[in-house]
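Letters go in sequence order (proteins before strands), and every chain restarts at 1.
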Number of protein chains: 2
Amino acid sequence: MDDNSTAPPLRTRDRIVEHADRLFYEGGYDHTSFATIAAEVGISRGNFHHHFKAKDDILAAVIERRRNSTAAMLRSWERVAATPTDRLGCFIDMVAENRQDIMRFGCPVGSLCSELAKQEHSLLGASGTIFEQFRTWLREQFEQLDVAQEPDDLAMHLLAMSQGVAVLANVYKDPEFVAREVARMHRWLDDTVER
Amino acid sequence: MDDNSTAPPLRTRDRIVEHADRLFYEGGYDHTSFATIAAEVGISRGNFHHHFKAKDDILAAVIERRRNSTAAMLRSWERVAATPTDRLGCFIDMVAENRQDIMRFGCPVGSLCSELAKQEHSLLGASGTIFEQFRTWLREQFEQLDVAQEPDDLAMHLLAMSQGVAVLANVYKDPEFVAREVARMHRWLDDTVER
DNA sequence: GTCTATATACCGATAGAC
DNA sequence: GTCTATCGGTATATAGAC
């Protein structure tokens with residue numbers, strides 16, 4: 001199954017989504033035009049509408065792609081980290097590992113949701129499900145730790161801290177600030193799970 | 001001084017800035033057009049360029065206006081709160097008081113900076129000075145408290161927490177989440193300043 | 001200072017040849 | 001599936017009458 005390595009060049013539709021994902025992150029959804037995406041992919045603007053009827057359809061595909069990559073990342077953390085505490089640490093370390101992109105473009109999830117919220121975009125709810133993936137996964141880790149506070153509150157708080165760091169990192173572009181806040185989140189986690 | 005109450009109708013330029021301030025907050029800078037602002041103010045698009053040469057000039061004026069209102073707010077906190085701890089509490093309470101707007105449009109400062117950062121806008125630095133106003137003021141309060149940690153780190157952390165709450169409040173639109181995080185920030189402040 | 005009219009450019013989206 | 005050509009709409013910005 002799926003062993004036909006003769007499907008190599010990656011279908012045009014997938015290449016569009018791949019490039020749109022990056023361009024939406026780097027420049028924002030509204031600010032990224034068909035012309036920009038088409039130029040990056042190397043196709044004409046006209047060919048575009050053969051794969052996607054409207055721009056919103058591309059955004060929906062990008063969100064779906066990000067949901068898949070998020071799910072894969074969460075699964076990888078479950079593989080490399082044995083305990084729930086270590087898995088929560090993986091989430092915190094993600095901020096440190098992606099600090100270069102975060103300082104340049106912010107958080108991919110948070111910045112997209114913020115833009116869609118301002119424009120009252122119909123896909124705000126869909127983009128919010130990516131936050132929901134993290135929230136649910138974080139809550140599950142806290143639930144396994146039998147902590148004193150509500151697991152969902154702790155999940156939301158950890159999510160909020162990561163978003164706050166992302167916004168200020170994007171503004172100040174200070175890697176030392178990110179390092180300090182990441183260390184602070186690790187200390188918070190230790191204080192929260194120890195009992 | 002300044003007793004000439006004969007300058008009542010507020011000059012057109014000021015009315016433009018006033019409406020642009022609100023519209024940029026509610027809908028974002030790039031997404032807000034001249035036509036929208038002109039309609040709100042009640043003038044024609046043509047009249048617009050008599051007061052502002054380019055759109056960036058309006059943004060610069062809006063940022064200046066927000067800097068003034070921020071400075072006024074910080075001064076008011078210094079009046080109503082006697083101790084540095086109470087003043088820091090005023091900052092935290094601001095999140096609770098503005099929760100309705102925050103849930104609808106996010107943080108005025110954070111959301112503007114995030115948008116400008118994505119577009120590599122030349123006025124990102126100018127908008128960042130509003131964050132700097134809060135940062136400096138918060139740091140000064142912590143300095144007066146002789147806390148164990150670096151006052152600037154504490155200022156940035158408090159700023160980051162408020163931004164994180166704003167982003168998630170904007171996505172989930174959950175007033176109870178805001179209330180919980182505000183209470184959590186107050187507890188954090190108490191734990192940080194007590195010694 | 002305010003208006004109408006318009007220039008110029010880009011946007012998303014469509015039509016149709018190949 | 002990919003292309004060229006183009007439509008209709010809107011954006012910022014300008015010119016000039018009043």
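- Classification of Glu143(A) and Arg139(A) as a salt-bridged pair holds, one side-chain N sitting under 4.0 Å from a carboxylate O.
- We find that NE2 of His51(A) is positioned 8 Å from C1' of dT2(D), with the value rounded to whole Å.
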Inset, instruction - Mark up nucleotides 12-18 of chain C, 5' to 3', with B wherever a protein heavy atom is under 4.0 angstrom from a base atom, S wherever such an atom reaches only the sugar-phosphate, and - elsewhere. - result: SBB----
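- Annotation: the terminal axes of the helix from dG1(C)-dC18(D) to dC18(C)-dG1(D) meet at 10°, where each axis is the rotation carrying the C1' atoms of four end pairs onto the next four (5 pairs per end, rounded to 10°).
- Sorted by first and then second residue, the ring pair (Phe, Tyr, Trp, His ring centres under 6.0 Å) pairs with a member in residues 66-88 of chain B read Trp77(B)-Trp137(B); sequence neighbours excluded.
- An OP1 or OP2 oxygen of dG1(C) is reached within less than 4.0 angstrom by no side-chain nitrogen or oxygen of Thr12(B).
- When the side-chain contact (heavy atoms from CB on, under 4.5 Å) test is applied to Thr83(B), the partners found at least two apart in sequence or on another chain are Thr85(B), Asp86(B).
- For the pair His50(B) and dT2(C), the criterion of a side-chain N or O lying under 4.0 Å from OP1 or OP2 is not met.
- Salt-bridge check for Glu26(B) with Arg22(B): passed, with a basic side-chain N closer than 4.0 Å to an acidic carboxylate O.
- Under a 4.0 Å N-O distance rule, the pair Arg184(B)/Glu181(B) qualifies as a salt bridge.
- Salt-bridge check for Glu78(A) with Arg75(A): failed, with every basic side-chain N at 4.0 Å or more from each acidic carboxylate O.
- Not counting sequence neighbours, the partners of Glu97(A) by the side-chain contact (heavy atoms from CB on, under 4.5 Å) test are Asp93(A).
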Pair up each side-chain donor or acceptor in residues 159-179 of chain A with any protein partner under 3.5 Å, not counting sequence neighbours, and list the distances.
unit_1: Ser162(A); atom_1: OG; unit_2: Leu159(A); atom_2: O; d: 2.7
unit_1: Asn170(A); atom_1: ND2; unit_2: Met103(A); atom_2: O; d: 3.1
unit_1: Asn170(A); atom_1: ND2; unit_2: Arg104(A); atom_2: O; d: 3.2
unit_1: Tyr172(A); atom_1: OH; unit_2: Glu132(B); atom_2: N; d: 3.4
unit_1: Tyr172(A); atom_1: OH; unit_2: Glu132(B); atom_2: OE1; d: 2.6
unit_1: Lys173(A); atom_1: NZ; unit_2: Met103(A); atom_2: O; d: 2.8
unit_1: Lys173(A); atom_1: NZ; unit_2: Asn170(A); atom_2: O; d: 2.8
unit_1: Asp174(A); atom_1: OD1; unit_2: Glu176(A); atom_2: N; d: 2.9
unit_1: Asp174(A); atom_1: OD1; unit_2: Phe177(A); atom_2: N; d: 3.4

